[in-house]
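This is a predicted model, so every value here is computed, not measured. Note that these values count all heavy atoms, side chains included, but never hydrogens, waters or copies made by symmetry. Below, read A as the first sequence line, B as the second, and so on, with proteins coming before strands; counting in each chain starts at 1.
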Amino acid sequence: MGVIRAEPARMTDWAARSIGAAWRAFDLQLAAYAGLLATLGLVMAYTNSVEQGQTVLSGGTTFVRGLMWTGIALIAFVITTAFDYKWLKTFAWPLYLLQLGLLGLTLAIGHGVGGASRWISIGPFDFQFSELAKILMIVVLANYLGARHGNLRSLPSILGACVLVVPPWILVMLQPDLGTSLVLLAILGGMLFMSGASLRWLGAMVAIVLASLPVIWTYILRDYQKARINAFLNPATDPQGAGYQLYQSQIAVGSGGLTGTGLTNGSQNQLNFLPVQESDFVAAIYLEELGFIGAMILLILFSALVWRLLVSGWKSKDPFGMMFASGLASMILFQLFVNLGMVIGLMPITGIPLPFISHGGASLISLAVGLGIVQSINIRQTRAEW
Amino acid sequence: MTPYLDGRHEYSRPNTRFLVFGLAMILAIGGLTTRLFYLQIVNGGQFAALSEGNRTASEAVPSARGLIYDRNGVALVKNVPTFAVKIRPVDLPEQRRDEVVARLATLLKMDPADINGAIDSNPGSRFDLVRVATDVPDATARLLAEAGDALPGVEVVIEARRQYPEGPLVSQLLGYTGPVAPDQLTDLKAKGYLPDDLLGKTGLEAYYETDLRGTYGEKTVEKDAAGRKVQDLQTVQQATSGDSLTLTIDTKEQALAQKALQWGMKAAGLKRGVVIVENPQTGEILAMVSLPTYDDNQFARGISAKDYAKLLADPNKPLINHAIQAHYPPGSTYKLVTGTGALTDHKISPTSRVSTRPYLLLGRTKFWEWNHRGWGAIPIRLGFAHSSDTFFFQLAGMLGIDRLAHWAKQYGFGARTGIDLPGEVSGIVPSNAWKQATFGEQIYPGEVYQAGIGQGYDVVTPIQLINAYAALANGGKLYQPQVVRQIVGPDGNVVQAFKPKLIRRLDVPRSTLKVMREAARNVVLVRHTYNLVDLPIVVAGKSGTAEFGTRDKQGRLPFHSWFVAFVPKNAAKTSADPSGIKAVDREDAGLVVLAFAYDSRTKGNAATEIVKYYLQLHFNIKHDYRNFNLLERGNFYQSN
């Protein structure tokens with residue numbers, strides 16, 4: 001199947017529009033919600049730094065690193081917004097190869113906890129390329145599915161999308177990173193669904209995946225991953241072991257109550273009851289310190305963000321735009337649900353970060369790039385371009 | 001079918017799917033909200049309580065351990081603050097353990113095996129601290145404290161440790177403190193001990209553990225998930241310091257006794273020896289030396305497995321207090337029992353003569369007099385003085401084994417004296433019942449003869465022997481020997497004052513004991529003990545030579561030597577009583593001294609020379625009466 005579609009590049013496009021028109025098409029709400037969420041992320045970085053007894057404004061603290069990453073993310077956002085997203089379609093295949101390259105590189109020279117290879121050190125910073133790979137996956141799939149829009153009643157097209165996901169999925173599983181691999185599947189599922197793929201085939205595929213679960217359990221999942229799932233299903237069996245974080249994080253969230261213990265006052269976090277509070281359990285601290293009210297603010301912001309993404313997709317006259325926005329929305333919604341679900345005991349532990357809130361430069365920059373692409377789509381849809 | 005579109009044409013938006021996606025989002029967010037509402041609003045209070053319980057814990061506040069002083073107030077123990085290095089196993093990642101232990105071993109100049117041993121024998125859980133090293137130098141402690149992440153799980157804490165200024169001089173008495181053993185923890189935990197606690201392991205430290213320890217207090221502390229303390233919250237109960245001990249031991253006497261024993265052992269080439277000094281009027285032990293010994297500071301600092309193994313492997317058992325924790329055949333010193341019994345049971349009178357001969361014949365077995373000649377027909381005062389074996393064989397035969405055992409038990413043999421030190425053994429007093437129970441057969445006449453002269457099955461501890469002679473010296477009161485004079489509370493009030501503890505009054509007429517004391521003075525007067533009689537003080541006593549082990553090629557047995565002496569209150573010889581008999585007729589003896597020389601194949605009786613030297617030192621006698629030639633070592637025949 002001829003997949004690379006060389007789109008005629010429209011170099012004059014940007015210059016031809018007035019800045020004003022572009023600004024009007026720019027989704028201010030979307031940017032605002034994202035900005036507010038990123039700010040909450042910084043607040044959490046701050047409270048974490050304080051609780052770990054760091055001098056907040058000295059170099060290398062969680063907060064200072066968070067500030068730096070936010071700055072870089074902002075720049076990335078502005079650049080991608082200005083960048084004509086249509087080039088992405090042109091370079092979809094090279095981007096796919098870039099994605100595989102980054103994941104392969106991570107496997108080769110990456111490092112992580114307990115023998116995993118997830119991060120690559122760039123100078124003093126650890127960068128998790130699998131975050132960027134998720135966005136690239138959305139680009140590749142949006143290009144593929146967008147090009148076949150309305151042609152997805154047929155099984156081969158659906159299978160084609162699946163085949164595209166398989167190599168990065170395998171590379172991610174090899175790291176091993178169950179969380180990211182699940183996010184890739186969620187992106188695929190969400191985008192296939194929004195592409196209008198035949199529900200019958202989709203249903204059949206879900207059935208096949210469910211049927212192959214025993215095989216996945218036996219041959220693909222690592223022991224620690226099985227332990228986590230066991231701990232989730234039977235949290236009481238090993239509260240000091242695999243079920244420990246799950247249990248402690250529920251205590252943290254529960255003790256937050258209506259209004260929370262107040263920023264920097266989370267005892268659970270301060271006393272290290274949550275072993276990996278830096279990363280995927282930040283939400284537990286957020287919920288402990290800001291309580292149910294804080295939780296509602298967070299959920300409303302996320303809902304609004306996903307809502308604006310869907311609106312952007314819906315408004316896009318280009319199936320690529322619609323597909324891309326849907327993919328990003330799927331990803332954010334899935335990560336939100338799985339991460340928060342894990343913290344409050346609805347989901348087993350998987351290393352999936354909470355968008356904007358978990359401290360991780362790669363996650364934030366990837367989101368900024370994704371949102372920038374959506375804005376780029378937004379401001380390039382207002383006028384017919386032919 | 002709509003042809004594919006890429007923005008050039010309107011395409012049909014999948015409105016239904018947008019709707020479904022939106023609904024899915026609302027469902028997901030709704031699910032999260034419901035769960036959050038349940039956790040934070042419905043059950044919020046309960047989780048807040050759990051969170052509180054998570055971080056506060058009650059922790060013991062160690063009490064200051066009581067001190068130990070000698071009878072003159074000389075401090076024998078100090079509590080000194082030291083750095084201890086501990087490991088919390090749960091914080092030490094298994095894959096880094098070897099590396100961490102190796103680094104720690106280098107810094108502490110320890111054998112890695114000792115560190116691993118400490119971790120593996122950890123009595124508590126993986127969350128409890130394990131003591132790895134005590135008494136770490138300041139510089140090393142600072143280095144370790146700064147190492148932080150390089151040594152995960154390693155913590156440096158300040159704790160009080162025992163310091164024993166007199167070291168080996170009183171080690172056998174004081175014992176030492178050490179970490180809780182794994183098998184002890186279950187019992188001790190109920191008494192409020194912590195897995196990394198120190199407690200008395202032996203000696204007085206162990207015997208008086210409850211008094212010395214005091215009562216631990218309790219405080220609430222804030223802890224993090226790893227169980228590390230973050231801060232103290234409040235004191236629930238103040239700790240009460242332990243009580244202090246004042247000993248009956250006189251450090252100066254102890255030093256003199258040690259000096260005398262060390263000299264004798266060196267001169268006679270002995271491997272083991274004991275000297276005990278007791279006040280016969282009260283049962284107070286003034287000195288108790290058992291050599292070889294060890295330095296309890298070695299244990300207080302945390303002994304290495306290698307050094308400990310060395311002490312354990314020493315054939316002369318330096319960790320054993322041979323004065324109370326080992327028993328040996330008493331030899332002729334036991335003739336006190338046979339003589340007292342025969343007199344009290346009216347088998348003989350003080351004046352009846354018993355014929356002593358080169359040997360007695362029992363069946364076809366010859367029971368030899370020690371000098372192979374005998375002294376003719378002599379009364380008990382001389383039979384005891386010459387330590388005639390044939391004399392006491394006959395007395396034992398008259399008494400029979402069970403009466404002999406009766407009198408031995410009267411003097412306290414065959415039972416622990418009850419001295420306030422741990423590990424005392426009871427010795428053996430053979431009787432018919434004992435022989436039946438132990439060997440399933442009756443006792444033979446020859447064995448009765450042997451029992452009458454302190455050979456065969458008879459074994460006694462040095463403390464039993466000196467205590468028996470103390471009862472002889474004081475007119476028949478068998479006291480329980482004691483080493484603690486008072487227990488003093490932390491406020492200086494006496495919690496428990498010393499009182500002599502009478503085990504029993506011997507069922508022996510005082511006149512009989514007087515005869516035996518005179519006989520004991522005669523031992524000295526007939527020069528059985530060579531020039532002891534020349535000392536300017538009156539000394540009475542009994543020597544003993546006890547064969548043990550296996551015969552050499554000439555059929556000779558190695559032997560131990562004993563001497564027990566008592567000295568009347570006004571010890572100086574007077575012209576009114578040149579023989580000193582009147583002095584020993586009194587029951588006012590102020591001093592009993594015992595020396596035991598293990599495997600002393602010397603020309604003369606090494607124990608006698610040791611006692612003599614101690615008395616010279618104690619009474620500050622300027623002239624030196626020691627017979628160095630008698631300590632010449634060789635395979636000499638037993639001389640009694």
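With rounding to the nearest 0.5 Å, the separation of CD in B/Q40 from CG in A/L287 is 5.5 Å. Expressed to the nearest 0.5 Å, how far CZ of A/F337 lies from CD1 of B/I29 amounts to 9.0 Å. Here A/L299 contributes atom CG and B/L32 contributes atom CG; the two are 6.0 Å apart, rounded to the nearest 0.5 Å. Distance check, rounded to the nearest 0.5 Å: CG of A/L346 to CG of B/L39 gives 8.0 Å.
For the pair B/N15 and A/W314, the tightest heavy-atom approach, listed with the atom from each and the gap, is OD1-NE1, 2.8 Å. B/M25 approaches A/W307 most closely through the heavy-atom pair SD-N, 4.3 Å. Considering all non-hydrogen atoms of both residues, B/R17 and A/L192 come closest at NH1-O, 4.1 Å.
For A/I300, no part lies near chain B; criterion is any non-hydrogen pair under 4.5 Å. Interface remark: B/F37 contributes backbone and side-chain atoms alike to the contact with chain A (heavy atom separation under 4.5 Å). Heavy-atom distances place both the backbone and the side chain of A/L310 under 4.5 Å from chain B.
Of the listed residues (A/A329, A/G256, A/G291), the greatest number of heavy-atom pairs within a distance under 4.5 Å of chain B belongs to A/G291.
Remark: aromatic rings of B/F21 and A/F193 are distant, center separation not under 6.0 Å.
Within a 6.0 Å radius of CD in B/Q238, other residues, nucleotides and ligands contribute 12 heavy atoms or fewer.
Between the side chain of B/R35 and the main chain of A/L340, no donor-acceptor pair closer than 3.5 Å is present.
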